[in-house]
Amino acid sequence: MEIPIRLAAMMVLLVTVTAHPHRRHCHMSRYGSVSPSDIRAVRRLHNEHEKSPFSDGIKCQKKLFRQKPSVCDLKASDRLILTLERVTMAVDVLTNMTESPLSEFVTQPLEFFHSLEDDLKHCRKSPLYSDPPSQQLMPWLNHLKHFRERVSSQCVQDAVLLSLTQLLIEDVMCWANKE
């Protein structure tokens, strides 16, 4: 019995789509060029936060970046790990701000960074990026952990908000362009 061409094509398509439904490729290149509206939203949040008279952000930001390696100089899996850690911290901070006076400025950056976090977590599961952190990266990861544990939540918020533009443009785009 001969299978009609149309039916055969549909069967191939069905097998291709359903063969590995849990498998998604790690395609971060879409973040290589961040949309101008996302960049504007992050800068708007940054600028509004800087207007706050209660912010001690510069001191906190300096504490956060005391040991920052150049993300672009790290090997691929380390770049992913560091970027994921920083994006996760940003998502945590932005999520906790949904009831703050800056909440109207938080929505778009939160959506962007949450989507990015999901994509980075997916990439972290792929064999290409599943290496443990290198010795070069460990001091920075330890510093991030200690920073979150030792400073106030307001200081963490200040540091993250003041570094969102850098995270978006430097870290994410570097990771995406070298992926």
Side-chain angles (χ1 to χ4, degrees), residues 20 22-46 49 57-97 106-151 153 155-179:
H20 297 285
H22 61 282
R23 236 181 179 170
R24 228 177 59 202
H25 293 287
C26 178
H27 293 294
M28 293 301 294
S29 57
R30 68 181 160 154
Y31 295 104
S33 176
V34 179
S35 79
S37 69
D38 286 324
I39 293 172
R40 273 193 305 275
V42 166
R43 285 192 176 144
R44 206 174 8 228
L45 176 59
H46 175 109
H49 177 70
I58 300 299
K59 282 201 292 194
C60 293
Q61 187 182 22
K62 285 181 180 178
K63 288 179 188 176
L64 175 62
F65 288 113
R66 190 174 308 147
Q67 296 186 1
K68 185 181 186 306
S70 174
V71 175
C72 291
D73 293 337
L74 297 172
K75 69 179 191 164
S77 60
D78 281 352
R79 270 196 317 272
L80 171 63
I81 293 166
L82 181 56
T83 303
L84 177 57
E85 288 294 319
R86 293 196 58 219
V87 167
T88 299
M89 187 184 311
V91 168
D92 291 347
V93 165
L94 293 172
T95 300
N96 290 331
M97 291 182 65
V106 169
T107 305
Q108 187 176 350
L110 177 58
E111 288 173 2
F112 174 84
F113 283 111
H114 188 68
S115 174
L116 174 62
E117 180 186 36
D118 289 344
D119 289 340
L120 288 168
K121 284 179 178 177
H122 173 76
C123 289
R124 185 72 178 120
K125 293 176 185 174
S126 76
L128 185 60
Y129 299 109
S130 62
D131 291 344
S134 71
Q135 289 303 314
Q136 181 184 7
L137 185 59
M138 287 309 295
W140 174 247
L141 294 178
N142 287 331
H143 176 72
L144 266 182
K145 179 179 181 248
H146 293 288
F147 175 78
R148 289 186 89 168
E149 292 171 352
R150 292 182 181 156
V151 302
S153 59
C155 186
V156 172
Q157 178 179 308
D158 290 344
V160 167
L161 291 177
L162 291 177
S163 66
L164 282 179
T165 303
Q166 176 185 352
L167 174 61
L168 182 67
I169 293 173
E170 265 183 54
D171 296 16
V172 172
M173 292 173 83
C174 173
W175 156 247
N177 289 323
K178 287 194 172 191
E179 184 259 332

Output the distance between atom [atom1] ([X]) and atom [atom2] ([Y]), rounded to the nearest 0.5 Å.
X      : Y      : atom1 : atom2 : result
His122 : Leu84  : NE2   : CG    : 13.0 Å
Arg86  : Leu164 : CZ    : CG    : 8.5 Å
Leu137 : Gln135 : CG    : CD    : 10.0 Å
Glu117 : Thr88  : CD    : OG1   : 4.0 Å
His46  : Leu161 : NE2   : CG    : 9.0 Å
Lys75  : Leu80  : NZ    : CG    : 11.5 Å

Short side-chain to backbone donor-acceptor contact, [X] and [Y], under 3.5 Å:
X      : Y      : answer
Asp131 : Ser77  : no
Gln108 : Ser37  : yes
Ser115 : Glu111 : no
Ser163 : Val160 : yes

Do you know which two heavy atoms are closest between [X] and [Y], and how far apart they sit?
X      : Y      : result
Ile81  : Pro132 : CD1-C, 4.2 Å
Ser130 : Pro127 : OG-O, 3.2 Å
Met138 : Pro133 : SD-CB, 3.6 Å
Cys123 : Tyr129 : O-CB, 3.5 Å

Apply the side-chain contact (heavy atoms from CB on, under 4.5 Å) test between Tyr31 and each candidate in Val172, Leu120, Thr83, Asp38; give the one that qualifies.
Val172
Report yes if some heavy atom in the side chain of [X] is under 4.5 Å from a heavy atom in the side chain of [Y]; otherwise report no.
X      : Y      : result
Val42  : Phe112 : no
Met89  : Leu144 : yes
Leu45  : Leu94  : yes
Leu168 : Phe113 : yes

Can you confirm whether the side chains of Asp171 and Gln166 place a donor and an acceptor under 3.5 Å from each other?
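Side chains of Asp171 and Gln166: no pair found under 3.5 Å.
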